[in-house]
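In this text, all values refer to a predicted model and were calculated from it rather than measured experimentally. Quick note on labels: first sequence line is chain A, next is B, and so on, each numbered from 1.
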There are 2 protein chains.
Amino acid sequence: MTARGTKHSGPGTPGASIESNRKTRAWARGSRAFAALSETNRIEAQCRAKGMRLTGQRRLIAQVLSDAQDHPDVFELHRRVVTQCPHVALATVYRTVRRLESEGIVERHEFRDGHARYERASKTHHDHLIDLETGAVIEFRNAEIERLQEEIARRLGYRLVRHRLELYAVPRPASRRSDGNRS
Amino acid sequence: MTARGTKHSGPGTPGASIESNRKTRAWARGSRAFAALSETNRIEAQCRAKGMRLTGQRRLIAQVLSDAQDHPDVFELHRRVVTQCPHVALATVYRTVRRLESEGIVERHEFRDGHARYERASKTHHDHLIDLETGAVIEFRNAEIERLQEEIARRLGYRLVRHRLELYAVPRPASRRSDGNRS
DNA sequence: CTATTTGCAAATCGTTTGCTCTCGC
DNA sequence: GCGAGAGCAAACGATTTGCAAATAG
């Protein structure tokens, strides 16, 4: 059974498909379906650089990821993708996103709720603060903490490879700054 | 979806060993099976304080958790429990451990590998360094990092509720200090 | 006595995989 | 043309849950 039960509601999904009655798989995969994609985005370029085949699905997923200002999970990615092309399978999103991660093009996080969320691998490292009330995710960076982590690992006889730092917090009533990237 | 309509044959599949099945379960639950438990441990005392019923299974799980020097996952806990009493169900371990967590008696972690690992809630907060080669888990504490986390949250307009800090590292060839609590 | 808890098996739920058909290069 | 990819459904693995029997208090 496909995750979250509902099988893709073929036609009827709001979105680009003018010819949604033509529900052939061939159509879904044909490049025409992806014609509306914008010019090459960063992720697409990285895929090319890694020698990944640029299928319409991948270009679409790459675009959705490039456009994302938040940290969507796979289901949410699929939802956005399906908006543009209703026949893309959830499994394809899973496979693509896994591939992108193994190529170092996107980063996977697993915040409180358990399931995997993705963001494109940023040039600059950062950690996350999760707003416990809204679920919003705010990115931050702190050089001192980074340095301390290295030092702790070294003192324990290790070389730090990577780390995970997540702050779970609630807005302070006084000065609630409700900016930050939501997720 | 509740297609569980077919009444669960329960312990009485016709023709099968109804009686021996009953006996077995009765034996498994009877307090005799748990007679070998040592005197009250800390977790057991906390259970009592929280008004949890002290069944043999819980006392056994409490003891295994109390004795654990590492961060076992549910399956591992079950393995250890079954060593002492072979009829304790995995589901019981899941339920117990979940209950213990909601009562604040144990802490749940989810390191790299995905599944939940438990340790008894310690009086003193600590974070974890995970040895990427052996999977060992080393606990550490750093007041400065704690302070910085508070400060970061405050600066972003939040009050820190909890955090997760995990360092993933590899032993340094020069001075590998193989102390620390392994997991 | 009765509200909780257990054992068991089936159900969930996010994620992966086998198979076949398709398409990028 | 061929091998990497996509669609689909079924498999998976950790965890949860419905139910009836058993039990702690």
* Nearest of D/dA6, C/dT15, C/dC8 to any side-chain atom of A/Ala116? ->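 It is C/dT15.
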* When you get a sec, tell me which of C/dC8, D/dA9, D/dT15 is the closest nucleotide to the side chain of B/Tyr94? =>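 Nearest to the side-chain atoms of B/Tyr94, counting from C-beta on, is D/dT15.
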Atom-to-atom span, [atom1] of [X] to [atom2] of [N] - whole angstrom:
| X | N | atom1 | atom2 | answer |
| --- | --- | --- | --- | --- |
| B/Glu76 | D/dG13 | CD | C1' | 17 Å |
| A/Glu103 | D/dA4 | CD | C1' | 13 Å |
| A/Asp113 | D/dT15 | CG | C1' | 16 Å |
| B/Glu110 | C/dG14 | CD | P | 14 Å |
| A/Glu44 | C/dG24 | CD | P | 13 Å |
| A/Asp73 | C/dT15 | CG | P | 7 Å |
| A/Glu101 | C/dT16 | CD | C1' | 15 Å |
| B/Leu60 | D/dT23 | CG | P | 16 Å |

* When clusters are formed by joining ILVMFWY residues with side-chain heavy atoms under 4.5 Å apart, either directly or through shared neighbours, do B/Val97 and B/Met52 land in the same one? ->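 Yes.
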* To do: Indicate yes or no: does A/Arg80 engage A/Asp70 in a salt bridge with an N to O separation below 4.0 Å.
  =>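 Yes, charged N to carboxylate O under 4.0 Å.
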* Identify whether the distance between the nearest side-chain nitrogen and carboxylate oxygen of A/Glu144 and A/Arg147 falls below 4.0 Å. =>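 Answer for the salt bridge query: yes.
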* To do: Could you check whether B/Arg58 gets within reach of a base, just the sugar-phosphate, or nothing at all, counting any heavy atom under 4.0 Å?
  =>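 The answer is sugar-phosphate, as B/Arg58 gets under 4.0 Å only of primed atoms, P, OP1 or OP2.
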* To do: Look at all strands and tell whether A/Arg98 reaches a base, only sugar-phosphate, or nothing, counting heavy atoms closer than 4.0 Å.
  =>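 Counting heavy atoms under 4.0 Å across all strands, the contact made by A/Arg98 is with sugar-phosphate only.
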* Can you check whether any acceptor in the base of D/dG5 is under 3.5 Å from a donor in the side chain of A/Arg99, or vice versa? =>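 For A/Arg99, whose side chain was compared with the base of D/dG5, there is no donor-acceptor pair (under 3.5 Å).
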* **First of B/Leu90 and B/Met52 reached from the 5' end of DNA chain D, by closest nucleotide** =>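 Nearest nucleotide further toward 5': that of B/Leu90.
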* Given DNA chain D, 5'-ward residue of the pair B/Phe75 and B/Arg48, judged by closest heavy atom ->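 Of the two residues, B/Phe75 wins.
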* Please report the C-alpha distance between A/Glu150 and A/Arg154 in whole Å, then the side-chain angles of each, then the deciding distance to 0.1 Å, and finally whether the salt bridge (Lys or Arg N to Asp or Glu O under 4.0 Å) criterion is met. => CA-CA 6 Å; A/Glu150 299 274 2; A/Arg154 183 158 33 78; over 6 Å; no
* Using a cut-off of less than 4.0 Å, is there contact between a side-chain N or O of A/Thr55 and OP1 or OP2 of C/dG24? ->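 Looking at the OP1 and OP2 atoms of C/dG24, neither is under 4.0 Å from any side-chain N or O of A/Thr55.
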* **OP1 or OP2 of C/dC23 under 4.0 Å from side-chain N/O of A/Gln57** =>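 Indeed not, no polar side-chain atom of A/Gln57 lies that close.
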* Non-neighbouring partners of A/Glu110 that pass salt bridge (charged side-chain N to carboxylate O under 4.0 Å, His left out), sequence neighbours left out ->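 Listed in chain order: nothing, the list is empty.
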* Map B/Arg53 and B/Arg95 onto DNA chain C by nearest heavy atom, then report which one ends up closer to the 5' terminus. =>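 Of the two residues, B/Arg53 wins.
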